[in-house]
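Before any comments, here is the structure.
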Amino acid sequence: MKHKGKRVIGALLIVVFLTSCTLKQEEMAKAPQLTEQKDWNYAFHYGSDYWNYYDFSNSFLPTQEDYEALVAAYIPQIENLLGAEDWYMDYDADADTVFVNLEMGGTPHSMACSPTKGADGAIEFSILLSLNQTKMSADRDLPHELTHSILGVSCFSNSLEEGICDYVSARTGVKYSRFFEEYEIDIMDFFTYDARLTLEKFYDMEKSNEMLDAIGRAGGYTYSIQTQDGMIWYECSQCFVEYLVSNYGMEKTMQLIREGKDESDYQTYLGTGFEELKNEWISYLREYESTYTMEEYKQMTKEFFQ
């Protein structure tokens, strides 16, 4: 009887063990899979002790530690979103440290300086954040400027470059991106509809055509971000990039942005000529019908950001 009892107990223990192993495997399968990150260090340089001089308690970066954590979290997110994990190869494939120089000031808008290879072989870039913008609770400026740095060399079209930076910031900014997630809002829907209504509200057809003609073209722009025209130009630029990514994919869009030399490269990388593509986008923009009305969007925004 004793041996029989031991065999029964032994069998039960094996069943329990196998069951626990199965459950553990199921838990592991359901758990988020961590992606391997580059073994980089982030070193931060500051012009002064900003958190000692300014009150950022209501900001998206209330402490220096919060700012540094955001930078370290954003860079891999941006790399992954753009498929640009190789961006540092243009500067130093063997670099193990990224130096981030931060300046805060009273400038009306934020800026980023392209990365350079330092004398010690490290990658180094500078971010200038406007004090007015850093006091906001919802962050779009930091991921926007970090995207500029990851893109590195300037794109042949300022509209494409600013558009992809806003595309990224809408998907990574603190709290801002969670707004779209919580209400299950398609970001392309939001910005396409907003751009369409804004153009209809503020421009007659002739001026609207002038604004739209500037989107995606080679060269710079004449619209300052401090003006109404500038804000709409940025919105339209993001809307255009949203359209490109949605219809041609991120890989081809990034090839155009990172490798394109002029407007002929729309055909090279997207397989569609610039004028044809622009006409298709403008028709799409003007005829676009949103899932929600702008009043519904405004109410959602008010509820979420209050």
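Counting only heavy atoms from C-beta outward, the side chains of M211 and K207 never approach each other to under 4.5 Å. Contact check for Y46 versus E103: no side-chain heavy atoms found under the 4.5 Å cut-off. In this structure, Y50 and L131 have side chains that are not in contact, with every pair of non-hydrogen atoms separated by 4.5 Å or more. You'll find the side chain of Y292 reaches within 4.5 Å of the side chain of M300, heavy atoms only. With a 4.5 Å cut-off on side-chain heavy atoms, F60 and L70 count as touching. In this structure, K252 and L256 have side chains that are not in contact, with every pair of non-hydrogen atoms separated by 4.5 Å or more. Considering only heavy atoms from C-beta on, T192 stays 4.5 Å or farther from Y243 through its side chain.
Applying the side chain to side chain donor-acceptor pair (under 3.5 Å) test between R140 and each of S110, S169, S177 identifies S169 as the sole match.
In summary, the aromatic rings of F44 and F99 are positioned with their centroids too far apart to meet the 6.0 Å limit.
Using a 30° and 60° split on the angle between ring planes, F304 and F179 fall in the tilted class, from 30° to 60°. In this structure, F156 and Y266 have perpendicular ring planes: the angle between them is above 60°, well past the 30° mark. Relative ring orientation between F56 and W51 is described as perpendicular, the plane-to-plane angle rising above 60° on a 0-90° scale split at 30° and 60°.
For the ring pair (Phe, Tyr, Trp, His ring centres under 6.0 Å) test, no residue two or more places apart in sequence or in another chain qualifies with F202. In this view, D265 and T268 satisfy the side chain to side chain donor-acceptor pair (under 3.5 Å) rule, not counting sequence neighbours. Applying the side chain to side chain contact (heavy atoms under 4.5 Å, CB included) rule to N101 yields the partners H45, E124, S126; only residues at least two apart in sequence or on another chain are considered. Under the rule for a ring pair (Phe, Tyr, Trp, His ring centres under 6.0 Å), the partners of F180 that lie at least two apart in sequence or sit in another chain are Y176, F190. Partners of E235 by side chain to side chain contact (heavy atoms under 4.5 Å, CB included), not counting sequence neighbours, listed by chain and number: D194, T198. Residues meeting the side chain to side chain donor-acceptor pair (under 3.5 Å) test with S246, sequence neighbours left out: none. Residues satisfying the side chain to side chain contact (heavy atoms under 4.5 Å, CB included) criterion with E200, sequence neighbours excluded, are R196, L197. For the ring pair (Phe, Tyr, Trp, His ring centres under 6.0 Å) test, no residue two or more places apart in sequence or in another chain qualifies with F191. In this structure Y203 satisfies the ring pair (Phe, Tyr, Trp, His ring centres under 6.0 Å) test with no other residue, sequence neighbours excluded.
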| task | Check the pair E68, Q64 against side-chain contact (heavy atoms from CB on, under 4.5 Å), reporting the backbone distance first and the verdict last. | result | CA-CA 6 Å; E68 294 179 3; Q64 179 179 324; 3.0 Å; yes
| query | Run the side-chain contact (heavy atoms from CB on, under 4.5 Å) check on L82 and I164 step by step: do they pass? | reply | CA-CA 9 Å; L82 299 181; I164 193 67; 3.8 Å; yes
| request: Test L129 against L61 for side-chain contact (heavy atoms from CB on, under 4.5 Å), laying out the working first. | output: CA-CA 11 Å; L129 295 178; L61 41 83; 4.1 Å; yes
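Tracing side-chain contacts under 4.5 Å through hydrophobic residues (I, L, V, M, F, W, Y), one reaches Y53 starting from Y67; they form part of the same cluster. The cluster map of Ile, Leu, Val, Met, Phe, Trp and Tyr, joined by side-chain heavy atoms under 4.5 Å apart, puts I187 and Y284 in the same cluster. Y74 and M136 fall into different hydrophobic clusters, where Ile, Leu, Val, Met, Phe, Trp and Tyr residues are linked whenever their side-chain heavy atoms come under 4.5 Å apart, directly or through other members.
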Ignoring hydrogens and angles, write down the donor-acceptor pairs under 3.5 Å from the side chains of residues 142-153, residues two or more places apart or on other chains.
from	atom 1	to	atom 2	distance (Å)
H144	ND1	D166	OD1	2.8
H144	NE2	H148	NE2	3.2
H144	NE2	E162	OE1	2.9
E145	OE1	A112	N	3.3
T147	OG1	P143	O	2.7
H148	ND1	E161	OE2	2.8
H148	NE2	E162	OE1	3.2
H148	NE2	E162	OE2	3.4
S149	OG	E145	O	3.4

Result block: side-chain N/O donor-acceptor pairs under 3.5 angstrom for residues 269-276, not counting sequence neighbours:
from	atom 1	to	atom 2	distance (Å)
Y269	OH	E259	OE1	3.4
T272	OG1	Y248	OH	3.2
E275	OE2	R217	NH2	3.0

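Heavy-atom minimum distance, Y183 versus E303: OH-OE1, 3.1 Å.
One side chain, S264 or D262, offers a donor N or O that lies under 3.5 Å from an acceptor on the other.
Ion pairing between E242 and R171 holds under the 4.0 Å rule for side-chain N and carboxylate O.
Alongside L128, the hydrophobic cluster contains M111 (criterion: ILVMFWY side chains under 4.5 Å).
Around CE of M231, the count of heavy atoms belonging to other residues, nucleotides or ligands within 6.0 Å does not exceed 12.
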